[in-house]
Q: 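Here it is, the structure in full.
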Amino acid sequence: MSRRGYFENQNGKFRLRIVEDGYDVDDETTPANKVIIDSDAIRTPSVLQSGMYTANNANQLDGRWIVSGWDLPYIPLCTFLFHGDGDLYWFPYAIITGTTDLLRVTSDGIYVRMTDAFGLRRFPFRIRWVAYRIPVTP
């Protein structure tokens, strides 16, 4: 089974690429009309909203809306970067579907529950996020 998407470091910069079902994201010859998003391509998706959430202790990551108030007819595609105090790098994460164990993206906003995640988490812990005007579910 081929991969449909990735968000990873390539040549010193992060690249987000997602293709339609039935295509392989690693195949650079995929027709442009079958590529949903490619951060290296000229046609860039418009950003709905972006920001950064900072948690100073574990309680601030134990079930909290970090973004709320959206009233969308869809769940938007979101990408995330994580950084704990003292970490050298931001760690990338892409939400392709609406829900994971760590984050829940809804048509109302973004909900975080990371109590047991990132075992060696350091505070302050930061989450940078970008929500795109690309629906992942109707």
Side-chain angles (χ1 to χ4, degrees):
M1 180 177 216
S2 58
R3 298 189 311 163
R4 286 197 51 214
Y6 61 74
F7 183 49
E8 61 192 22
N9 189 332
Q10 291 185 349
N11 302 318
K13 69 175 191 168
F14 286 101
R15 181 180 184 193
L16 170 65
R17 189 163 195 253
I18 303 167
V19 297
E20 288 185 7
D21 193 25
Y23 293 87
D24 184 354
V25 73
D26 296 311
D27 181 0
E28 295 291 334
T29 65
T30 299
N33 65 339
K34 301 302 179 186
V35 177
I36 297 170
I37 182 174
D38 187 341
S39 60
D40 280 358
I42 294 173
R43 58 183 185 126
T44 303
S46 64
V47 172
L48 172 69
Q49 191 176 3
S50 66
M52 183 169 71
Y53 176 76
T54 300
N56 292 308
N57 58 57
N59 291 336
Q60 292 178 327
L61 292 172
D62 186 21
R64 178 171 303 239
W65 287 95
I66 62 172
V67 180
S68 62
W70 295 344
D71 186 19
L72 303 171
Y74 59 88
I75 296 173
L77 171 72
C78 292
T79 56
F80 298 89
L81 291 172
F82 302 111
H83 187 268
D85 188 46
D87 290 341
L88 295 176
Y89 304 102
W90 285 83
F91 298 99
Y93 190 70
I95 298 293
I96 307 303
T97 59
T99 304
T100 71
D101 292 338
L102 307 176
L103 297 159
R104 183 171 69 229
V105 179
T106 72
S107 59
D108 299 327
I110 302 169
Y111 186 81
V112 62
R113 180 175 290 272
M114 295 183 155
T115 306
D116 299 323
F118 302 102
L120 300 174
R121 188 173 51 224
R122 297 174 188 92
F123 293 97
F125 186 80
R126 295 173 187 87
I127 304 169
R128 287 185 188 251
W129 55 271
V130 178
Y132 300 93
R133 294 185 194 282
I134 298 174
V136 292
T137 63

Q: Please name all residues satisfying side chain to side chain contact (heavy atoms under 4.5 Å, CB included) with Arg126, sequence neighbours left out, ordered by chain then number.
A: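 Applying side chain to side chain contact (heavy atoms under 4.5 Å, CB included) to Arg126 gives Met52, Thr54, His83, Trp90, Pro124.
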Q: Any non-hydrogen side-chain atom of Arg17 less than 4.5 Å from a side-chain atom of Thr30?
A: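 Yes - at least one pair of side-chain heavy atoms lies under 4.5 Å apart.
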Q: What's the shortest heavy-atom distance between Trp70 and Gln49, and which atoms?
A: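 That closest heavy-atom pairing would be NE1-OE1, 2.6 Å.
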Q: Applying side chain to side chain contact (heavy atoms under 4.5 Å, CB included) to Ile18 and Ile134, what does each step give before you reach the verdict?
A: CA-CA 11 Å; Ile18 303 167; Ile134 298 174; over 6 Å; no
Q: Around atom CG of Asn57, are there more than 12 heavy atoms of other residues, nucleotides or ligands at under 6.0 Å?
A: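 Counting neighbours around CG of Asn57, more than 12 heavy atoms of other residues, nucleotides or ligands fall under 6.0 Å, so yes.
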Q: To the nearest 0.5 Å, what is the distance between CG (Leu103) and CD1 (Ile110)?
A: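 Here the interatomic distance stands at 7.5 Å.
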Q: Please assess Gln60 against Phe125 for the test side chain to side chain contact (heavy atoms under 4.5 Å, CB included), listing each intermediate value before the final yes or no.
A: CA-CA 10 Å; Gln60 292 178 327; Phe125 186 80; over 6 Å; no
Q: Which pair of non-hydrogen atoms, one from Val19 and one from Asp24, has the smallest distance, and what is that distance?
A: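 Nearest pair, atom of Val19 first, then Asp24: CG2-C, 4.0 Å.
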Q: Of all residues at least two apart in sequence or in a different chain, which pass the side chain to side chain contact (heavy atoms under 4.5 Å, CB included) check with Tyr111?
A: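 With neighbours one apart ignored, the set is Trp65, Arg104, Arg113.
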Q: With sequence neighbours excluded, what pairs up with Ser50 under the side chain to side chain contact (heavy atoms under 4.5 Å, CB included) test?
A: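 Ser50 satisfies side chain to side chain contact (heavy atoms under 4.5 Å, CB included) with Val47, Val130 once adjacent residues are dropped.
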Q: Which residues pass the salt bridge (charged side-chain N to carboxylate O under 4.0 Å, His left out) test with Arg15, sequence neighbours left out?
A: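 By the salt bridge (charged side-chain N to carboxylate O under 4.0 Å, His left out) rule, Arg15 matches Glu28, Asp38, Asp40.
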Q: Give the minimum heavy-atom separation between Ile75 and Val105, together with the two atoms involved.
A: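 Looking at all heavy atoms of both residues, the shortest contact is CG2-O, 3.4 Å.
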Q: Quick one: pull up CH2 in Trp129 and OG1 in Thr79 and give me the separation to the nearest 0.5 Å.
A: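 One gets 10.0 Å once the value is rounded to the nearest 0.5 Å.
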Q: Output all residues satisfying side chain to side chain donor-acceptor pair (under 3.5 Å) with Asn56, sequence neighbours left out; order by chain, then residue number.
A: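 Side chain to side chain donor-acceptor pair (under 3.5 Å) list for Asn56, sorted by chain: empty.
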Q: Restricting to side chain to side chain contact (heavy atoms under 4.5 Å, CB included), what partner residues turn up for Asn9, sequence neighbours left out?
A: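 Side chain to side chain contact (heavy atoms under 4.5 Å, CB included) check on Asn9 returns Phe14.
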Q: Got a sec, which residues hit salt bridge (charged side-chain N to carboxylate O under 4.0 Å, His left out) with Asp26, two or more places apart in sequence or on another chain?
A: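 With sequence neighbours excluded, Asp26 shows a salt bridge (charged side-chain N to carboxylate O under 4.0 Å, His left out) to Arg3, given in chain and number order.
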Q: Could you pull out the closest heavy-atom pair between Ile36 and Arg4, with the gap in Å?
A: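 For Ile36 and Arg4, the tightest heavy-atom pair comes out as CD1-NH2, 3.9 Å.
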Q: Please report the closest heavy-atom contact between Ala55 and Phe123, naming both atoms and the distance.
A: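 Minimum heavy-atom separation between Ala55 and Phe123: O-CD2, 3.3 Å.
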Q: Which pair of non-hydrogen atoms, one from Phe80 and one from Cys78, has the smallest distance, and what is that distance?
A: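 Closest pair (atom of Phe80, atom of Cys78, distance): CE1-CB, 3.6 Å.
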